[in-house]
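Report on the structure given below.
Numbers for residues simply follow the sequence, beginning at 1.
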Amino acid sequence: MPESPARRCPLSSQRPTLANVAAAAGVSVSTASLAFSGAGPIASATRERVLSAAADLGYLGPNPLGRQLRSGRSGIVGVVVGDALRRSFRDPVAIQVLDGLVGTLGEMGLGVLLIPGPSDPAEPPVDPLVLSAGMDVAVLLWGSGAHDPVLDALRRRGVPTVVVEGVPEADVATVGLDDRRGMTELVRHLQSLGHESFGCVTLAFDRHRGDGFVAPERWHEVVWQVTRRRLDGVLDAGITPVAVYETPASLVEHGKTAGFAILSRPDRPTAVVCQSDLLASGVVLAARELGLRVPEDVSVAGFDGLDLPWLAPDVLTSVAQPLAEKGATVGRAVASLLAGDMPEPVVLPVALQQGTTTGPAPR
């Protein structure tokens with residue numbers, strides 16, 4: 001039986017070219033190119049004739065790939081998220097930051113390539129796209145630690161990089177939060193309500209993404225900077241938590257698992273401080289299922305300042321961060337790097353946002 005001929009994309013053979021436009025307008029290809037670039041000497045009438053011919057043919061403009069090759073730029077910003085995309089898009093924090101970032105980059109005519117971050121210790125720590133994809137600037141949307149393999153790979157490629165919530169270094173742009181101080185303020189707020197016994201639910205310590213109680217000797221061995229700063233902020237308030245529970249990711253179900261574990265302890269704390277609002281909401285759900293009243297029996301607080309109407313009637317007490325502004329600030333850092341400038345490190349403010357999930361310690 002004879003082989004069927006290979007099928008071709010019909011659009012590839014039907015797409016008009018600049019040469020077709022030039023012929024229809026009765027000008028040279030170089031003149032037609034000038035009409036689209038807006039540069040060089042060309043009469044207004046000639047430009048209008050070229051653009052009119054292009055409209056008639058359905059020609060939208062020169063191939064952007066050729067323009068990229070001539071400029072030496074891809075017009076793409078590689079954005080490495082902190083987790084697998086399937087989990088990142090369940091997190092309102094990641095979505096709101098990306099929205100602010102993509103909106104700012106779009107105004108500059110830049111596209112975005114989303115690259116998954118490390119999500120499984122059995123997988124390579126660096127996604128192949130980090131090693132090979134064309135990008136003018138890279139953004140790491142989580143606080144990298146010392147000798148981060150993704151950042152090291154970008155350095156070897158010479159890709160200018162913005163690190164979000166990482167450690168300020170001379171060769172990268174950084175956008176951070178005053179989250180350590182914010183967590184200290186949150187704990188002190190609870191102390192002012194009479195709380196002395198605290199539990200803490202954290203984000204992942206490192207790419208191994210543990211799930212369970214963490215012994216005190218490991219509290220200072222955190223690799224990922226977001227987790228480290230927020231845990232240090234709790235300790236800065238002068239307390240020693242009765243329990244620290246590490247979760248693999250900022251998801252409600254992980255907070256619920258942590259909540260069941262902490263609130264079922266014989267030394268149950270009167271206050272649980274969580275490193276994200278999704279984790280805190282999971283703890284609230286666990287408390288409800290255990291028959292505990294929030295905040296009469298246990299106070300719960302988070303971090304991010306999210307609006308979670310599905311948690312009603314509870315409204316989380318939280319440390320609010322400027323999510324959309326953080327994304328826009330990252331976009332402005334990208335613009336500076338593209339211009340050949342290294343922006344100064346930025347630390348965005350946070351603010352305590354009191355809700356209904358914290359109250360006086362039970363007597």
- Query: Taking C-beta and beyond as the side chain, do D91 and L278 meet within less than 4.5 Å on heavy atoms?
  - Reply: yes
Practice item. Return yes if some donor-acceptor pair links the side-chain N/O of T357 with the main-chain N/O of A301 below 3.5 Å, else return no. Key: no
Rounding to 0.5 Å, atoms CG (D236) and CE (M183) come to a distance of 11.0 Å
Donor-acceptor pair, S52 side chain versus E48 backbone, under 3.5 Å? no
Evaluate the side-chain proximity of H254 to L279: yes if any heavy-atom separation is below 4.5 Å, no if none is. yes
I want to check something: taking the side chain as every heavy atom from C-beta on, are W310 and V252 in contact at a cut-off of under 4.5 Å?
yes
* Taking only Lys NZ, Arg NE, NH1 and NH2, and the carboxylate oxygens of Asp or Glu, determine whether D152 and R155 approach each other closer than 4.0 Å. => yes
CD (E296) with more than 12 external heavy atoms under 6.0 Å: yes
Donor-acceptor contact below 3.5 Å, side chain S276 vs main chain C274: no
Please check if the side chain of T227 supplies one atom and the backbone of V223 the other of a donor-acceptor pair under 3.5 Å.
no
Walk me through it: do V77 and L101 pass the test side chain to side chain contact (heavy atoms under 4.5 Å, CB included)? CA-CA 10 Å; V77 175; L101 172 59; 5.9 Å; no
Requested in this report: Taking the side chain as every heavy atom from C-beta outward, state whether L154 and V172 have any pair of such atoms under 4.5 Å apart.
Outcome: no
- [ ] Examine V226 and V347 and state if one hydrophobic cluster contains both, with Ile, Leu, Val, Met, Phe, Trp and Tyr joined whenever side-chain heavy atoms are less than 4.5 Å apart.
- [x] no
| message | Are V294 and V315 connected into the same hydrophobic cluster when the rule is that any two of I, L, V, M, F, W, Y join if their side-chain heavy atoms are below 4.5 Å apart? | response | no
So the salt bridge (Lys or Arg N to Asp or Glu O under 4.0 Å) pairs with at least one residue in residues 239-253 (sequence neighbours excluded) are R90-E253
Between P241 and I239 the two heavy atoms that sit nearest each other are CD-O, 3.8 Å
With clusters defined by side-chain heavy atoms of hydrophobic residues (ILVMFWY) lying less than 4.5 Å apart, directly or transitively, does V187 cluster with V214? no
**Study point:** Contact check, side chains of D136 and L338, non-hydrogen atoms, under 4.5 Å
**Key:** yes
Contacts satisfying ring pair (Phe, Tyr, Trp, His ring centres under 6.0 Å) that involve residues 154-211 (not counting sequence neighbours) are none
Partner of D314 under side-chain contact (heavy atoms from CB on, under 4.5 Å), picked from L308, T356, V300, is T356
Separation between CD (Q225) and CG (D148), nearest 0.5 Å, reads 10.0 Å
In terms of heavy-atom contacts, I115 and G78 come closest through CD1-CA, 4.5 Å
One should read off an interatomic distance between F303 CZ and L352 CG, to the nearest 0.5 angstrom, of 11.0 Å
Across all chains, not counting sequence neighbours, the side-chain contact (heavy atoms from CB on, under 4.5 Å) partners of A19 are T17, V29
To the nearest 0.5 Å, atom CD1 of I262 lies from atom CZ of F213 at 5.5 Å
Please report, to 0.1 Å, the donor-acceptor pairs under 3.5 Å made by any side chain of residues 320-334, with sequence neighbours excluded.
| from | atom 1 | to | atom 2 | distance (Å) |
| --- | --- | --- | --- | --- |
| Q321 | OE1 | K326 | NZ | 2.8 |
| Q321 | NE2 | D304 | OD1 | 2.7 |
| E325 | OE2 | T329 | OG1 | 3.1 |
| E325 | OE2 | R332 | NH2 | 2.6 |
| K326 | NZ | E165 | OE2 | 2.7 |
| T329 | OG1 | E325 | O | 2.8 |
| T329 | OG1 | R332 | NH2 | 3.2 |

Report task. Could you tell me whether the side chain of R229 and the main chain of R180 form a donor-acceptor pair under 3.5 Å? Result -> no
Residues 264-278 vs salt bridge (Lys or Arg N to Asp or Glu O under 4.0 Å), sequence neighbours excluded, gives R265-D267
Minimal heavy-atom distance between L113 and A133, with the atoms involved, is CD2-CB, 3.6 Å
Exercise. Would W224 and L203 satisfy side chain to side chain contact (heavy atoms under 4.5 Å, CB included), going step by step from the backbone distance to the final call?
Worked result: CA-CA 9 Å; W224 285 355; L203 299 166; over 6 Å; no
By side-chain contact (heavy atoms from CB on, under 4.5 Å), R181 pairs with (sequence neighbours left out) D178, E185, V350
Residues A173 and P343: closest non-hydrogen pair is CB-CG, 3.6 Å
query: Does the side chain of V97 reach to within under 4.5 Å of the side chain of L141, using non-hydrogen atoms?
result: yes
Looking only at heavy atoms, the pair that brings R157 and S132 closest together is NH1-N, 3.6 Å
Review point. Applying the 4.5 Å side-chain criterion to the ILVMFWY set and letting contacts propagate, would F260 and V244 be lumped into a single cluster?
Key: no
Quick one, L190 with S299, criterion side chain to side chain contact (heavy atoms under 4.5 Å, CB included). Give me CA distance, side-chain angles, the key distance, then yes/no. CA-CA 8 Å; L190 288 162; S299 288; 4.0 Å; yes
- Message: If we ignore hydrogens and angles and just use 3.5 Å, is the side chain of T161 paired with the main-chain N or O of V139 as donor and acceptor?
- Response: no
| Quick one: do L251 and L285 end up in the same hydrophobic cluster if we chain Ile, Leu, Val, Met, Phe, Trp and Tyr together by side-chain heavy atoms under 4.5 Å apart? | no
- Message: Taking the side chain as everything from C-beta on, heavy atoms only, tell me whether V346 gets closer than 4.5 Å to L348.
- Response: yes
- Message: Between L186 and R230, is the side chain to side chain contact (heavy atoms under 4.5 Å, CB included) condition met? List the steps.
- Response: CA-CA 11 Å; L186 176 60; R230 295 181 191 181; over 6 Å; no
Distance col, row R209:CZ vs T247:OG1, nearest 0.5 angstrom, shows 9.0 Å
ask   = Is W219 close to T240 at the side-chain level, that is, under 4.5 Å between some pair of heavy atoms?
value = yes
- Item | Exceeds 12 heavy-atom contacts within 6.0 angstrom, atom CD of E289 | yes
Taken to the nearest 0.5 Å, the spacing of E196 CD from T270 OG1 works out to 8.0 Å
Taking every heavy atom of Q275 against every heavy atom of L231, the minimum-distance pair comes out as NE2-N, 3.3 Å
